[in-house]
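The structure appears below as structure tokens.
Chain letters run A, B, ... following the sequence lines, proteins first and then strands; every chain starts at 1.
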Amino acid sequence: MDSAEFHAAVYDKVREIPVGSVTSYGHIAKLIGMPRHSRHVGQALKFLSPQTNPPIPWQRVLGASGTISSRGPGSDGAQRQRDALEAEGVEVTVGRTGEMRVDLARFGWFPAPVTTAGGRRSTSGEDTEEEDEDA
DNA sequence: TTAATGACGTGCC
DNA sequence: CGGCACGCCATTA
């Protein structure tokens, strides 16, 4: 798979994230069949954000713990991401160290991968997890 | 060709 | 929960 196709795949998946929901780089990587390329997903987003026509909702992609990546102190990207998320109705909390994170139990969006063959994970039905958690 | 980097993830303390 | 170390891998120096 070329970087171009990788970017396309990432773009396609990220675009599927429903409004008001978030997911992790790692999950995107899994969805496109490359669970070890979590870091490259982020790179793809960086590469795509300024040039995709229907703007890619990169703000809906966070770290595996629901934490927003720093992306550099000088860059306000993280701040913009938080703002964009809140604008969509996603609750963003800030810790002491200024770390911003989202409650994945409430806003997380983790569809099961296709699991072509050999992959354990029941092909029939859906995975039994998450679902509505109301507090 | 080797070394370093990074929008990450997981295991440990 | 906070912080730290190690593993992954394509890209870049």
Specify the separation, in whole Å, of atom NZ of A:Lys46 and atom P of C:dA10. 16 Å
Between C1' on B:dA7 and CG on A:Leu85, what's the gap in Å once rounded to a whole number? 13 Å
Between P on C:dT12 and CD on A:Gln43, what's the gap in Å once rounded to a whole number? 7 Å
Measure from CZ on A:Phe6 to C1' on B:dA7 and round the result to the nearest Å. 12 Å
Pairwise side-chain contact, A:Trp109 with A:His27, heavy-atom cut-off 4.5 Å (strictly under): no
By salt bridge (charged side-chain N to carboxylate O under 4.0 Å, His left out), A:Arg39 pairs with (sequence neighbours left out) none
Determine whether A:Val14 and A:Leu48 satisfy the following criterion, side chain to side chain contact (heavy atoms under 4.5 Å, CB included), listing intermediate values before the conclusion. CA-CA 11 Å; A:Val14 174; A:Leu48 294 170; over 6 Å; no
A:Arg60 CZ to B:dA7 C1': how many Å, rounded? 17 Å
Answer yes when A:Arg80 and A:Asp83 have at least one side-chain N-carboxylate O distance shorter than 4.0 Å, and no when they do not. no
Would you call the rings of A:Phe6 and A:His40 parallel, tilted or perpendicular, where under 30° means parallel and over 60° means perpendicular? perpendicular
The contact string for nucleotides 8-13 of chain B, one letter per nucleotide 5' to 3', using protein heavy atoms under 4.0 Å with B, S and - for base, sugar-phosphate only and none, comes out as BSS---
For A:His7 and C:dA10, what is the distance between atoms NE2 and P respectively, to the nearest whole Å? 13 Å
Would you kindly give the CD-to-P distance between A:Gln79 and B:dA7, to the nearest whole Å? 18 Å
Between A:Ile68 and the options A:Gln59, A:Arg82, A:Glu99, the side-chain contact (heavy atoms from CB on, under 4.5 Å) test singles out A:Arg82
CE of A:Met34 versus P of C:dT11: gap in Å, rounded? 10 Å
Sugar-phosphate, base or nothing in reach of A:Glu99, heavy atoms under 4.0 Å: sugar-phosphate
